[in-house]
Amino acid sequence: GKITVTAAKGTYSTKTKNVSLRGKVHVFTESGAFFDTESLNYQAPQAHFSTTDTVSFRQQRITLTARGMTLGVDDQVAHFSNSVDAVVAVMKSR
């Protein structure tokens with residue numbers, strides 16, 4: 001699915017096709033997940049985003065904060081490196 005990324009500023013290398021984003025980085029996936037962080041790098045050869053900064057993540061019932069993350073573009077699987085603090089909301093029965 002589609003991944004949309006916004007940031008205050010960024011650089012793009014025409015040689016490597018890599019992107020470096022800085023300041024209020026917001027990532028939104030077509031599946032409804034979103035991330036907020038202060039810096040994010042895209043490595044074109046590996047087709048993944050990464051940061052060593054604190055990341056706030058939310059999707060459906062889970063909200064988490066972690067230090068460091070990688071996100072694969074093709075599989076849209078996020079890996080959180082360190083200090084994960086997560087909350088899973090309980091579904092209310094009807």
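Every heavy atom of this structure was used, including side-chain atoms; hydrogens, water molecules and symmetry mates were not.
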Q: So, taking the atom named OG1 in Thr63 and the one named CZ in Phe57, what distance separates them when rounded to the nearest 0.5 Å?
A: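 It is 8.5 Å, given to the nearest 0.5 Å.
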
Q: Using 0.5 Å steps for rounding, measure from the OG1 atom of Thr54 to the CG atom of Asp85.
A: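 Going from the OG1 atom of Thr54 to the CG atom of Asp85 covers 11.5 Å.
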
Q: Can you hop from Val88 to Phe80 via hydrophobic side chains spaced under 4.5 Å?
A: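 Yes; tracing contacts between hydrophobic side chains, which count when under 4.5 Å, links both residues.
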
Q: Once ring pair (Phe, Tyr, Trp, His ring centres under 6.0 Å) is applied, do any residues pair with Phe28, and if so which ones, sequence neighbours excluded?
A: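 Ring pair (Phe, Tyr, Trp, His ring centres under 6.0 Å) check on Phe28 returns nothing, list empty.
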
Q: Could you tell me the separation between the CE atom of Met69 and the OG1 atom of Thr52, rounded to the nearest 0.5 Å?
A: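 If I round to the nearest 0.5 Å, the distance is 11.0 Å.
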
Q: For residues Ser50 and Gln43, report the shortest heavy-atom separation together with the two atoms involved.
A: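 For Ser50 and Gln43, the tightest heavy-atom pair comes out as OG-OE1, 3.4 Å.
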
Q: Let me confirm one number: the CG-NE2 distance from Asp75 to His48, rounded to the nearest 0.5 Å.
A: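 Reported value, rounded in 0.5 Å steps: 11.0 Å.
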
Q: Quick one: closest heavy-atom pair of Ala66 and Val84, and the distance?
A: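 Scanning both residues, the minimum pair turns out to be CB-CG2, 3.8 Å.
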
Q: With the side chain counted from C-beta on, respond yes when Val25 and Phe35 share a heavy-atom pair under 4.5 Å apart, and no when they do not.
A: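 No, their side chains stay 4.5 Å or more apart.
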
Q: Side chain to side chain donor-acceptor pair (under 3.5 Å): which pairs involve residues 15-29, sequence neighbours left out?
A: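 Output for this query lists Ser13-Thr16, Thr16-Asn18, Ser20-Arg22, Ser20-Asn41, Arg22-Asn41, His26-Asp36, Thr29-Ser31.
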
Q: Working to the nearest 0.5 Å, report the span between CD1 of Ile3 and CZ of Phe34.
A: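 Those atoms lie 15.0 Å apart.
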
Q: Under the ring pair (Phe, Tyr, Trp, His ring centres under 6.0 Å) rule, collect the residues that match up with Tyr42, sequence neighbours excluded.
A: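 Phe49.
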
Q: Would Asp53 and Thr37 count as having a side-chain donor-acceptor pair, cut-off 3.5 Å?
A: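 Judged by distance alone, the side chains do not pair up.
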
